[in-house]
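This report concerns only the one structure given below.
In listed order, ligands and their atoms are each counted from 1. Computed from heavy atoms alone, side chains included, the values below leave out hydrogens, waters and symmetry copies.
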Amino acid sequence: MKKKILIINTGGTLSSVNSERGLIPGMKSGDMLDELQMVSKNLELETEDFSSLDSANIFPEDWAALAQRIGEVCIGYDGIVVIHGTDTLAYTSSMLSFMLQNISIPVVVTGSQLSIAHPVADALENCRCAIHMAASGYPGVFVAFNRKVMLGCRASKVRTMSFDAFESINYPYVAEISSLGLHIHKENLLKKRGIFHPQTSYSDRVFLLKLYPGMDPEILEYLLEKGYRGVYIEGFGLGGMPFLKRDFIGEVKSVTERGMTVLAGSQCRYEGSNLSVYETGLQAVAAGALQAYDMTSEAAVTKLMWVLGQTENIREIQEYFSVNIAGEVQREGV
Ligand code: ASP
C-alpha cells in the first residue's frame, strides 16, 4: 500500500506569485499538486490549505491552530509536510516541536527561496526532501531545506538569499540527501518519551532582549509593569551581563523576585551559553536567571512561551528549563 502524505500549505515564497504589491503568497496547494507529485513517486499525496500568508504575518495563535490541526489529522497519514515562509519558519518549527512532542509520525516543515513557479527554484528540491522525510517513518518535527533535514527546534535561518538558508545550530543534521539517497543519521533522532497529545497552550507575554553595552536596566522594570511574564536575554559571549555602573543583574534579581521568568543565553549563534564561568554569568544565575545553554534563539523564545503556557508555578518553570523536551538543549545535566 502506498504511504499517505498530507501537505499543509501556510504560504511563503514557495507558493508566491508576483503582484503589483510585490511578491505575495498566492498559489493554493491544489495549484502545486502536479509539481509536488513529480517529486513524490510511489506516495499518495493529499493537500490542504491552512493559510496563504507571508510568514511575517504568522502569529502564535497560528502555531497553536496548526498544531491542533496536525493533532487532529495525524492519525490518517504516514507523514505531514508543512509548507511555510522561510522568514519565521524556525519559530514555527521550534514551537511545533514543543506543542507536538511525542507525535508518532514525521512532521516536516519546508519552504523555499524562490517560488515553485520559477524555473530555477529550490522549491521542488526542498519539497522532495521534506516529502521523503515525511515518508521515512521516523517520528518528530523536522525542517527540510537544501537537501538537509534538521530537528525543528535546532533550525535557524542564517542567510537571506542563498539556497542554504537554514542550518542546524549546535546539533548535527538528522538526514541528508546525497548519492546515497536520503540517508538518515538515526543516532541523531529523538526517542519518543511519552504519549502524544497536542499541548497548544502558550503565553505571548514574552520578550526577546538583546543586550548591548550601555542598555538601561530599567527596561526590565518596564516589561514587568507592562505585564510581560518572561524575558529571554541574549547576553554577551557565554551569557554575561553587566553589574557595574548600570546594574543590569540587580534589575534581573528585582524582577525575578516579583515572578518574572528570566532566561539567559548568548547572542553568539554557535556553541551556546554557560553562565558558570565568569562573575558576570554567575551573578546573573544567583539573581534568578535560568540558563538557555545551547538553544537557538527561536527555540529559547518559543520554549519560554510554551512553558509559561503550561504553568505559573516557579518551581515547575525551573524544572521545564532543566530538561530537554524536544531536542532543543544539550548540556550536561540537561
Ligand atoms: N517573506 C517570505 C516568508 O517568510 C520569505 C520566504 O518564504 O522565503 O513568507
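The existence of a salt bridge linking Glu167 and Arg269 is excluded, since no basic side-chain nitrogen approaches an acidic carboxylate oxygen closer than 4.0 Å. Ion pairing of Glu221 with Arg258 is present here, as a side-chain N (NZ or NE/NH1/NH2) and a carboxylate O approach within less than 4.0 Å.
Put simply, no part of Ala56 is less than 4.0 Å from ligand 1, judged by heavy atoms.
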Inset, instruction - For Ile70 and Val82, run side chain to side chain contact (heavy atoms under 4.5 Å, CB included): C-alpha distance rounded to whole Å, both residues' side-chain angles, the deciding distance at 0.1 Å, then the answer. - result: CA-CA 10 Å; Ile70 292 172; Val82 176; 4.0 Å; yes
Inset, instruction - Under the side-chain hydrogen bond (donor to acceptor under 3.5 Å, both in side chains) rule, what do Ser276 and Asn274 come out as? Steps first, then yes or no, please. - result: CA-CA 6 Å; Ser276 8; Asn274 181 355; 2.7 Å; yes
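Between Phe166 and Phe145, the angle of the ring planes lies from 30° to 60°, which puts this pair in the tilted group.
Taking every non-hydrogen atom of Thr13 and a distance limit under 4.0 Å, the qualifying atoms of ligand 1 come out as 2 (C), 5 (C), 6 (C), 7 (O), 8 (O). Annotation for ligand 1: atoms under 4.0 Å from non-hydrogen atoms of Gly12 are 7 (O), 9 (O). Atoms of ligand 1 lying under 4.0 Å from at least one heavy atom of Gly85, given by number and element, are 3 (C), 4 (O), 7 (O), 9 (O).
Taking all heavy atoms of Thr86, Leu53, Thr88, Leu23 into account, the minimum distance to atom 7 (O) of ligand 1 is reached by Thr86.
Counting all heavy atoms, side chain and backbone alike, Leu14 lies closest to Met32 at CD2-SD, 3.7 Å.
Backbone and side-chain nitrogen or oxygen atoms of Asp87 are examined, and one is located within less than 3.5 angstrom of a nitrogen or oxygen of ligand 1.
Closest to atom 4 (O) of ligand 1 among all protein heavy atoms lies Ser55 OG, 2.5 Å.
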